[in-house]
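First up is the structure itself, then whatever we jot down about it.
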Amino acid sequence: MTVDVEDYFHVSVFDGTLPRHQWGRLESRVGQNTDRLLQLFESAGIRATFFVLGWVAERWPALVRRIASLGHEIASHGYAHRLAYDQTPTAFRDDVRRAKALLEDASCRPVIGFRAPSYSITPRSLWALDVLIGEGYLYDASIFPIRHDRYGIPLSARHAYRLARPAGTIIEMPASTVRYGPLNLPVAGGGYFRLFPPMVMRAAVRQAEKHPDGVPVLYFHPWEFDPDQPRLPLGRAGRFRTYVGIKRGRSRLRDLLSRYESRPMIDAADDLGLRILPTFRLGEPVEVAARAAA
Ligand SMILES: [Zn+2]
């Protein structure tokens with residue numbers, strides 16, 4: 001179970017219409033919404049990874065401490081919610097370095113995991129992995145093995161793997177998908193979780209559990225369970241993607257939490273890092289490479 005800790009106005013769909021300098025003037029709901037998730041997780045005995053935005057940690061370090069004190073892992077969602085492929089390597093490095101420092105200061109724990117805003121590590125931003133390795137991140141959860149207009153590497157592996165890069169290696173922990181014919185379908189969180197029947201997500205968990213390197217990875221955002229959040233102006237498609245199913249989010253989540261156990265990604269990555277996983281380079285069809293190495 002993973003949570004990207006950001007406010008309702010940080011969502012990438014508002015890039016271009018809501019300038020970042022206005023964020024500070026909007027009503028913040030990330031604290032109360034994250035606390036609500038923490039209560040739900042606590043009563044279900046769930047331990048999770050929270051990919052916290054540096055911008056949030058800077059303003060509410062006590063929230064980061066609260067999450068860590070409940071036994072959850074603090075990981076990084078970058079500082080300013082900028083897409084990796086929209087940045088230069090230097091700007092990206094500054095962003096992930098600043099986020100890591102803020103999160104480590106607030107939590108008093110090492111931060112080794114990263115998830116890029118909107119899964120924005122794609123074929124044109126693979127250099128970002130080298131930056132992450134250089135900045136001391138040990139695992140990444142940003143490569144979505146699907147076809148999508150804004151993100152994804154459709155041929156990348158669906159399960160955890162170690163990725164060789166010029167700067168070294170990094171463990172990749174992709175969000176779970178359902179295999180349907182030749183396609184990987186995204187069902188593991190966000191709008192997909194709120195839109196599709198719950199049985200589809202359960203199928204993704206089952207498929208991941210069957211694979212020897214399978215770690216079911218689900219992802220949520222605190223604002224997804226807040227039906228009362230202010231609605232910001234969006235076009236029809238953006239409005240649908242962002243707000244679909246928000247009213248039924250909480251009851252679906254409660255049901256999900258009652259079905260599964262969860263542990264922080266750092267534990268799963270640690271176990272996998274101790275094992276010999278197929279090491280290969282992105283650029284070759286990695287599902288094939290993984291099979292060849294097995
Ligand atoms: Zn995000």
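Computed over heavy atoms, backbone and side chain alike; hydrogens, waters and symmetry mates excluded. Whatever order the structure lists them in is the order used to number ligands and atoms, beginning at 1.
Inclusion of His10 in the first shell of the Zn ion (ligand 1) is not supported: no N, O or S atom falls under 2.8 Å. Residue contact annotation: His81 places an N/O/S atom under 2.8 Å from the Zn ion (ligand 1).
Shortest distance from the Zn ion (ligand 1) to Glu6 is reached at OE1 (N/O/S atoms only).
Between Glu73 and Arg263, none of the side-chain N atoms (NZ, or NE/NH1/NH2) sits under 4.0 Å from a carboxylate O, so this pair counts as no salt bridge. A salt bridge links Glu42 to Arg47: at least one charged side-chain nitrogen sits closer than 4.0 Å to a carboxylate oxygen.
Only one option out of Glu209, Met1, Gln207, Arg206 pairs with Pro216 in a side chain to side chain contact (heavy atoms under 4.5 Å, CB included); it is Glu209.
Of the possible donor and acceptor atoms, none in the side chain of Thr242 sits under 3.5 Å from a partner among the backbone N and O of Arg239.
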